[in-house]
Amino acid sequence: MGFEDRRFNVNLSILFTELPLLERPAAAAAAGFGAVELWWPWIDSPTPEPSELDALKRAIDDAGVQLTGLNFYAGRLPGPDRGALSVPGEESERFRANIDVAADFARSVGCRALNALYGNRVEGVDPAEQDALALENLVLAARAAHRIGAILLIEALNRPESPLYPLVSAPAAVGIVDKVNAATGLGNAWFLMDLYHLSMNGEDLPSVIERHASKTGHVQIADNPGRGAPGTGTLPLEDLLDLLAKAGYDGWVGLEYKPGDRPSAESFAWLPREARAVRGPRGAGEADAAREAR
């Protein structure tokens, strides 16, 4: 099977960052990719001016790429923050203000997956209080995603790089997925399986895939150590993606790796150009919408 049989997209918040935001979709297209994803691009603003949203939409449309995934507002990312939705006070309010803005933008460009980073633990705040707030906000986010025919993604990060983030294992993130789905009854919350983060946590990746592929809505990859392109570390990424396929996952694989000390366009030699283009959807009909959003 191998890399050539996957559907890859490029994360424009970690790759092509040597370029201004509005130039990145065209750069990804020039490198042969037909699909991209983004963290929330406006770090300081959960509610940017409509002109800024319109400009990004034009850049995506003009490049002819598909936006397949978008983060909700997550604070300073990259930076010290790891989300806002469980942080009491101003950050939680900023997340709530962003929900409909992000969902409406996603709908305008045909994006059907929205990622909600949980947020760090806050000193002096009861974790149970943060978890209750997180569930409230995730329910709101799931309903907004449902309104536009999208799925909600919940991601596990890694403890060494995100020591204050509570979801640092696949079971922890999947547990939140289950709580959100139970609270909404919508069934549109899914696990974001980032193989780099899980490997940094020392998890048994084949076991994670076997246990959680059926609840996985999106996959992201980078090699380990170093968070570089496939082949720069020791992770058997090709084999792991084969295991995911055998377990039934046929969705997008996000390239969320660092290009190193070279232009991003030079970091894709591991992937033949003909394997970078968007492949046709697998499955049809409204019943398959959630899986196809992956």
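In what follows, every heavy atom counts, from backbone to side chain, and hydrogens, waters and symmetry copies are set aside. Note that the numbering runs from 1 along the sequence shown for the chain.
- Between the Arg58 side chain and the Leu22 main chain, no donor and acceptor come within less than 3.5 Å of each other.
- Between atom CD1 of residue Ile60 and atom CG of residue Leu67 there is a gap of 4.5 Å, rounded to the nearest 0.5 Å.
- Contact between Arg262 and Ala229 at its shortest, heavy atoms only, is NH2-CB, 4.1 Å.
- When atom types are taken as modelled, the side chain of Asp223 and the backbone of Gly231 share a donor-acceptor pair closer than 3.5 angstrom.
- Between Ser13 and Leu38 there is a side-chain heavy-atom pair separated by less than 4.5 Å.
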Applying side chain to side chain contact (heavy atoms under 4.5 Å, CB included) to Tyr257 and Leu15, what does each step give before you reach the verdict? CA-CA 7 Å; Tyr257 62 76; Leu15 285 156; 3.8 Å; yes
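- Rounding to the nearest 0.5 angstrom, the gap separating the CG atom in Asn224 from the CG atom in Leu205 is 9.5 Å.
- Proximity of Arg82 to Leu164: side-chain heavy atoms (C-beta onward) are nowhere separated by under 4.5 Å.
- Distance check: Thr216 OG1 to Met193 CE gives 3.5 Å after rounding to the nearest 0.5 Å.
- The ring-ring contact (aromatic ring centres under 6.0 Å, His included) test with Phe95 is passed by exactly one of Trp40, Tyr73, Phe72: Phe72.
- With hydrogens and angles ignored, the 3.5 Å screen pairs no side-chain donor or acceptor of Arg276 with any backbone N or O of Phe8.
- You'll find the side chain of Pro259 stays beyond 4.5 Å of the side chain of Glu266, heavy atoms only.
- What you find for Ala141 and Ile99 is that their closest heavy atoms are N-CD1, 4.0 Å.
- Across Ser45 and Arg94, no two heavy atoms sit closer than the pair N-NH2, 4.0 Å.
- For the pair Asn98 (side chain) and Pro46 (backbone), a donor-acceptor distance under 3.5 Å is present.
- Not one N or O on the side chain of Ser92 forms a donor-acceptor pair closer than 3.5 Å with the backbone of Ser86.
- Looking at Ser264, its side chain does come within 3.5 Å of a backbone N or O of Phe16 through a donor-acceptor pair.
- For Arg159, the CZ atom is loosely surrounded, since the number of other residues' heavy atoms within 6.0 Å does not exceed 12.
- Using a 4.0 Å cut-off between charged side-chain N and carboxylate O, Arg96 and Glu136 make a salt bridge.
- When the ring pair (Phe, Tyr, Trp, His ring centres under 6.0 Å) test is applied to Phe33, the partners found at least two apart in sequence or on another chain are Phe268.
- A salt bridge between Arg147 and Asp104 is present, with a side-chain N of the basic residue lying under 4.0 Å from a carboxylate O of the acidic one.
- Between the side chain of Gln130 and the backbone N or O of Val122, at least one donor-acceptor pair lies under 3.5 Å.
- By the 4.5 Å heavy-atom criterion applied to side chains, Tyr118 and Asp131 are counted as neighbours.
- Summarising the geometry of Leu198 relative to Ala170, their closest heavy-atom pair is CD2-N, 3.9 Å, with the distance given to 0.1 Å.
- Put simply, CG on Asp194 and OG on Ser199 are 8.0 Å apart, with the number rounded to the nearest 0.5 Å.
- At a threshold of 4.5 Å between side-chain heavy atoms, the hydrophobic network of Ile, Leu, Val, Met, Phe, Trp and Tyr places Ile154 and Leu70 in one connected group.
- Shown here for Pro166 and Ala172, the closest heavy-atom pair between the two residues is O-CB, 4.4 Å.
- Proximity of Arg24 to Thr17: side-chain heavy atoms (C-beta onward) are separated by under 4.5 Å at one or more points.
- The 12-atom threshold is not exceeded at CD of Glu210, counting heavy atoms of other residues, nucleotides or ligands nearer than 6.0 Å.
- Using a cut-off of 4.0 Å between Lys/Arg side-chain N and Asp/Glu carboxylate O, Asp54 and Lys57 are scored as not salt-bridged.
- A donor-acceptor distance shorter than 3.5 angstrom exists from the side chain of Asn201 to the backbone of Val168, with no hydrogens or angles considered.
- The cluster map of Ile, Leu, Val, Met, Phe, Trp and Tyr, joined by side-chain heavy atoms under 4.5 Å apart, puts Leu195 and Leu167 in the same cluster.
- You'll find the side chain of Trp270 stays beyond 4.5 Å of the side chain of Glu238, heavy atoms only.
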Could you walk me through whether Trp39 and Leu117 satisfy the side chain to side chain contact (heavy atoms under 4.5 Å, CB included) test, starting with their C-alpha distance in whole Å, then the side-chain angles of each, then the deciding distance to 0.1 Å, before giving a yes or no? CA-CA 10 Å; Trp39 304 340; Leu117 285 173; over 6 Å; no
The test is side chain to side chain contact (heavy atoms under 4.5 Å, CB included); show your working for Lys215 and Asp178 and say whether it passes. CA-CA 9 Å; Lys215 294 184 178 181; Asp178 291 341; 2.9 Å; yes
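- Using a 4.0 Å cut-off between a side-chain N of Lys or Arg and a carboxylate O of Asp or Glu, Asp242 and Arg6 qualify as a salt bridge.
- Taken together through direct or relayed side-chain contacts under 4.5 Å among Ile, Leu, Val, Met, Phe, Trp and Tyr, Leu192 and Tyr196 form parts of separate hydrophobic clusters.
- Between Gly75 and Ile43 the shortest heavy-atom distance is O-CG2, 3.6 Å.
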Could you give me the CA-CA distance, side-chain angles and deciding distance for Leu77 and Asn71, then say whether side chain to side chain contact (heavy atoms under 4.5 Å, CB included) is met? CA-CA 10 Å; Leu77 186 71; Asn71 282 20; 4.2 Å; yes
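- A donor-acceptor contact shorter than 3.5 Å is absent between the side chain of Arg7 and the backbone of Val278.
- Contact annotation: the side chain of Val101 never approaches that of Phe105 to less than 4.5 Å [non-hydrogen atoms, C-beta and beyond].
- Side chain of Asn181 to backbone of Asn188: a donor-acceptor contact under 3.5 angstrom is found.
- In this structure, CD in Gln220 is found 9.0 Å from CD1 in Ile14, a value given to the nearest 0.5 Å.
- Cluster membership check: Val177 shares its hydrophobic cluster with Leu114, using side-chain heavy-atom separations under 4.5 Å among Ile, Leu, Val, Met, Phe, Trp and Tyr.
- Between the CD atom of Glu4 and the CD atom of Glu274 there is a distance of 7.5 Å, given to the nearest 0.5 Å.
- Side-chain contact between Leu56 and Trp42 is present, with at least one heavy-atom pair separated by less than 4.5 Å.
- Both Leu157 and Ile176 are part of a single hydrophobic cluster, where members link through side-chain heavy atoms under 4.5 Å apart.
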